[in-house]
Amino acid sequence: MKFLVCISNVPDTTTKITFTPDNKEFNKAGVQFVINPWDEYALTRAIELKEAAGSGTVTVLNVGEADTEPNIRKALAIGADDAIRVNAAPQDAYFVAEQIAAIAKEGAYDVILMGKESIDYNGFQVHGMVGEMLGIPTVAPAMKLDMSGNTATLEREIEGGKEIVSVNTPFVASCQQPMCEPRIPNMRGIMTARTKPLKVVEPVGEPARTKVAEFALPPKKQGVKLIDAENAGELIKLLRNEAKVI
């Protein structure tokens with residue numbers, strides 16, 4: 001079984017978000033980047049399934065520039081066997097999906113896993129695009145994944161409940177909690193990651209089809225207004241005219 005796990009390089013959740021002076025790009029200065037937390041569920045589950053089967057490979061794929069390699073090495077330290085980096089900035093969802101689909105097709109992977117979305121843009125788009133480009137099923141968002149031979153059983157979240165589906169390989173799945181407990185690399189993993197293969201390839205297809213016109217921060221929170229408990233009329237007026245919640 002060949003697993004392809006797609007990971008994104010995202011700002012740490014504690015990062016203070018700022019933009020360049022023209023408000024068209026995220027300001028990376030002083031920012032610590034991490035593996036997208038949703039992708040860690042996909043990575044750990046792929047490793048668990050490979051270990052349970054006693055055979056197979058887990059390949060990590062990242063669309064990003066050279067500065068993403070420390071987190072790619074971290075994924076190798078967690079337990080992936082090898083890695084591929086597409087040497088391009090992840091310009092938009094279609095562009096990223098196009099790169100993933102090309103790698104997946106060339107490598108004839110059985111299972112393509114990724115997080116349900118990246119925590120920076122929260123697009124929830126790439127998995128569906130990849131499945132469509134490859135002409136294979138996509139299951140999203142998956143909370144549980146088990147394999148029996150070439151058949152997978154997945155539990156996915158739906159409105160008001162859950163759905164259990166069965167699908168044969170190859171397929172795409174986006175992952176979320178509580179699929180597994182993400183692993184932390186140990187010292188042995190960190191040491192072996194240094195020698196694991198990391199292949200760099202150039203992007204394929206057309207440039208990004210969309211571009212950012214402008215980023216903007218949300219408005220600053222206003223101060224709290226305290227209303228006397230006996231003045232219900234004033235409270236209702238503020239909720240209707242200022243807060244606009246009623």
Pair [X] + [Y], salt bridge at N-O below 4.0 Å:
X	Y	value
E242	K237	no
K24	E214	no
D92	K211	no

Should side-chain heavy atoms under 4.5 Å link Ile, Leu, Val, Met, Phe, Trp and Tyr, which residues sit in the same cluster as [X]?
X	result
M187	M191
I236	I227, L235, L238, L239, V245, I246
Y94	M129, M133

Nearest heavy-atom pair of [X] and [Y]: which atoms, and what distance?
X	Y	value
L76	P197	CD1-O, 4.4 Å
K50	G56	CD-O, 3.3 Å
I35	A75	CD1-N, 4.0 Å
A88	P203	CB-CG, 3.9 Å
L134	A101	CD2-O, 3.4 Å

Side chains of [X] and [Y]: does their closest heavy-atom pair fall under 4.5 Å?
X	Y	answer
P11	D120	yes
K74	P185	yes
V58	L43	yes
E48	C180	yes
N62	V86	no
F215	I17	no
T151	S166	yes
V63	R85	no

Exercise: do D39 and N36 side chains pair donor with acceptor under 3.5 Å: yes
Distance alone, cut at 3.5 Å: any donor-acceptor contact between the side chains of N9 and N71? yes
Please determine whether the number of non-hydrogen atoms from other residues, nucleotides or ligands lying under 6.0 Å from atom CD of E234 exceeds 12. yes
Tell me whether [X] shares a hydrophobic cluster with [Y], the cluster being built from Ile, Leu, Val, Met, Phe, Trp, Tyr side chains joined at under 4.5 Å.
X	Y	result
I136	L154	no
L4	L49	no
V96	I103	yes
M179	I78	yes
V172	V126	yes

Would you please name every residue forming a side chain to side chain donor-acceptor pair (under 3.5 Å) with [X], sequence neighbours left out?
X	answer
D67	none
Q177	Y41
T13	none
R209	none

Atom pairs and distances, donor-acceptor, side-chain atoms in residues 137-147, under 3.5 Å, two or more places apart:
from : atom 1 : to  : atom 2 : distance (Å)
D146 : OD1    : R45 : NH2    : 2.9

What distance separates [X] [atom1] from [Y] [atom2], expressed to the nearest 0.5 Å?
X	Y	atom1	atom2	value
W38	S118	CH2	OG	11.5 Å
T59	D81	OG1	CG	6.5 Å
I100	L61	CD1	CG	5.5 Å
F124	S174	CZ	OG	5.0 Å

When the side chains of residues 25-33 are checked against the rest of the protein, which donor-acceptor pairs come out under 3.5 Å, sequence neighbours left out?
from : atom 1 : to  : atom 2 : distance (Å)
N27  : OD1    : A29 : N      : 3.2
N27  : ND2    : T18 : OG1    : 3.3

Given 3.5 Å as the limit, does a donor-acceptor pair link the side chain of Q91 with the main chain of A208, or not?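 Flag set: sc Q91 to bb A208 pair under 3.5 Å.
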Within residues 190-202 or reaching into it, pairs that qualify as side-chain hydrogen bond (donor to acceptor under 3.5 Å, both in side chains) - sequence neighbours excluded: N87-E202
Please set out all donor-acceptor pairs under 3.5 angstrom arising from side-chain atoms of residues 157-165, sequence neighbours excluded.
from : atom 1 : to   : atom 2 : distance (Å)
E157 : OE1    : Q176 : NE2    : 3.0
E163 : OE1    : R156 : NH1    : 2.8

Before giving the answer on side-chain contact (heavy atoms from CB on, under 4.5 Å), spell out for V224 and L226 the whole-Å C-alpha distance, their side-chain angles and the decisive distance to 0.1 Å. CA-CA 6 Å; V224 176; L226 299 177; 4.1 Å; yes
Result block: side-chain N/O donor-acceptor pairs under 3.5 angstrom for residues 105-114, not counting sequence neighbours:
from : atom 1 : to : atom 2 : distance (Å)
D110 : OD2    : K2 : N      : 2.7

